[in-house]
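For clarity, every value in this text was computed on a predicted model and none was experimentally measured.
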Amino acid sequence: MGTSASSTAPVIVWFRQDLRIDDNPALSAAAESGAPVIPLFIWSPEEEGNWEPGAASRFWLHHSLTELTISLARLGSPLIIKRGYSLSVLRDFAKEVGAHAVYWSRRYEPSTIVRDKNLKGALVNDGVDARSFNANLLFEPWQVLNAKNEPYRVFTAFYKAATALVTPPAPIDPPKKLVAPVKKVRSVAISDLMLLPKINWTMGLNDAWQPGEKGAKKNLEIFLDVLNRYVPDRDCPGVSGTSRLSPHLHFGEISPRTIWHAVRDTGKAGESKTTYLKELVWREFAHSLLYHFPHTANSPLRPEFERFAWRNDPDLLERWQKGATGYPLIDAGMRELWHTGWMHNRVRMIVASFLVKDLLLPWQQGAEWFWDTLVDADLANNTLGWQWSAGCGADAAPYFRVFNPVLQSQKFDPDGEYIKRWVPELSGLPKAWIHHPWDTPKEVLKAAAIELGKSYPQPIVDHAFARQRALEAFKQLKPVAAK
DNA sequence: TGAAATGTTGGGGCG
DNA sequence: ACGCCCCAACATTTC
């Protein structure tokens with residue numbers, strides 16, 4: 001507001017992970033100013049450090065940008081796309097178009113915070129009104145602190161404190177129209193960003209998803225219809241009982257406030273409602289942790305884990321990645337991920353436990369694979385999930401908690417529907433054997449046209465043995481962890 | 001947001 | 001009928 005700009009000096013709205021029109025405070029503030037609005041996206045993967053968007057994220061981004069362009073053009077001012085370092089692009093562009101202000105929605109990744117802080121200073125120096133807004137979180141990470149002004153390390157405490165603090169504000173309406181700048185502005189074409197893979201392996205992703213704001217709203221509607229069955233269904237990967245909103249949330253195609261209020265306002269579903277809202281708060285917890293402990297994307301929160309002797313075995317890693325472990329549920333999950341860019345959360349926990357505890361491979365290798373293959377790859381959520389599984393994070397699984405891939409399979413995919421969908425070579429097996437094919441009588445295997453070791457692998461590790469090995473290895477850390 | 005090992009109980013088969 | 005044993009079924013402890 002400090003600068004006295006003429007009414008024709010445009011406002012730049014810098015889009016990043018808020019690729020939506022609804023409940024976008026930066027966009028609405030720009031529109032309400034009455035000035036021309038230039039929506040801008042800058043493709044600058046180099047600035048993400050170790051965590052450049054992976055292949056699945058790029059696929060998603062391509063389509064999400066396409067959708068956003070259409071929506072913004074409809075409102076009156078199409079999306080401008082640039083490539084290069086955010087700081088120099090923004091300064092040059094602001095100068096070029098004579099913008100008096102740049103608005104954006106906050107991001108919370110450590111390297112992004114550093115970058116944005118710099119950038120804000122530089123813009124202010126240039127006499128530009130640089131302003132950031134909260135579009136992506138229900139609670140700012142610096143708001144939710146304990147009595148000693150420290151971040152919470154236990155979810156339940158965080159949850160209580162956060163929800164007692166404030167009710168997330170209601171979502172705001174989208175602008176009705178945008179005033180385009182007088183002078184035409186040049187933009188890079190989305191296809192020139194080369195976000196899509198050269199070899200087209202994205203058919204499965206295309207079938208499973210509709211990136212963009214419209215797809216996000218559709219998934220929310222579908223989910224609200226089954227919300228009252230969330231508690232019983234959410235753990236069953238063969239049932240569509242989860243929201244499938246994670247990629248939409250990551251790219252900001254729908255705001256957590258919109259979801260929060262939509263869920264709260266549905267009449268039915270008592271227990272399911274609070275359980276789901278809790279999941280949204282887990283996302284907040286993850287962002288808070290990464291904000292307050294910025295090193296944890298790459299290193300364990302609990303320092304004693306730095307010394308853990310993870311194994312190095314590229315062959316085992318690849319068998320896990322490709323879904324060839326010989327454990328049907330594990331393989332089903334890894335293949336669902338490869339095929340659709342997403343994996344059911346219950347199965348994520350199981351395959352993570354398997355990588356870390358059965359194979360003793362470092363959680364960072366799992367995190368990297370998820371980062372590349374998930375359409376919902378999100379640094380905060382990914383970090384929390386993997387550190388939780390490895391037991392080296394906040395409120396993490398105790399070292400002795402080892403998932404049994406067969407028991408989990410029998411419990412949550414009792415009829416083997418999920419397994420049959422993603423591991424079709426086992427679809428001829430009766431459900432008595434489908435969770436542990438290696439025990440199957442010869443004649444049953446023959447009838448199902450399965451030759452273990454050929455058409456489907458033998459288990460790459462014996463779970464009972466692996467569990468014992470993990471317990472001993474992880475127990476070593478305990479005395480160090482105690483004090 | 002585990003699972004295995006160990007302990008306890010009680011019904012039923014059987015001498 | 002009685003005691004003994006076996007072993008589900010459930011509970012508790014341990015990793």
Next on the checklist: In this structure, how many angstroms lie between the P atom of B/dT1 and the CH2 atom of A/W388, rounded?
Outcome noted: 9 Å
Checklist outcome for this item: A/R401 atom CZ is separated from C/dT14 atom C1', nearest whole Å, by 14 Å
Item to check | Rounded interatomic separation in angstrom, taking NZ from A/K475 and P from C/dC15 | outcome: 7 Å
Checklist entry - Are A/K217 and A/D22 ion-paired here, with the side-chain N under 4.0 Å from a carboxylate O? => result yes
Next on the checklist: With a 4.0 Å cutoff (strictly under), does any side-chain N or O of A/Q408 reach OP1 or OP2 of B/dT1?
Outcome noted: no
Checklist entry - For the pair made of CZ in A/R234 and P in B/dT1, what is the distance, rounded to whole Å? => result 9 Å
Checklist entry - How are the rings of A/W342 and A/W209 set to each other: parallel, tilted or perpendicular (split at 30° and 60°)? => result perpendicular
Item to check | Listed nucleotide nearest any side-chain atom of A/N404, set C/dC15, B/dT1, B/dA4 | outcome: B/dA4
Checklist entry - Within this structure, what is the CD1-to-P distance between A/I350 and B/dG2, rounded to whole angstrom? => result 9 Å
Checklist entry - Quick one: is A/R467 getting a side-chain N or O under 4.0 Å of the C/dT14 phosphate, OP1 or OP2? => result no
Checklist entry - Hey, is A/E47 close enough to A/R115 for a salt bridge, meaning N to O under 4.0 Å? => result yes
Item to check | Between B/dT1 (P) and A/Y230 (OH): distance, integer Å | outcome: 13 Å
Checklist outcome for this item: When rounded to whole Å, the CZ to C1' distance for the pair A/F465 and B/dA3 reads 18 Å
Next on the checklist: Test side-chain hydrogen bond (donor to acceptor under 3.5 Å, both in side chains) on A/T258 and A/S255; report intermediate values, then the result.
Outcome noted: CA-CA 5 Å; A/T258 299; A/S255 91; 3.0 Å; yes
Next on the checklist: Please report the distance, rounded to the nearest Å, between OH in A/Y399 and P in B/dT1.
Outcome noted: 20 Å
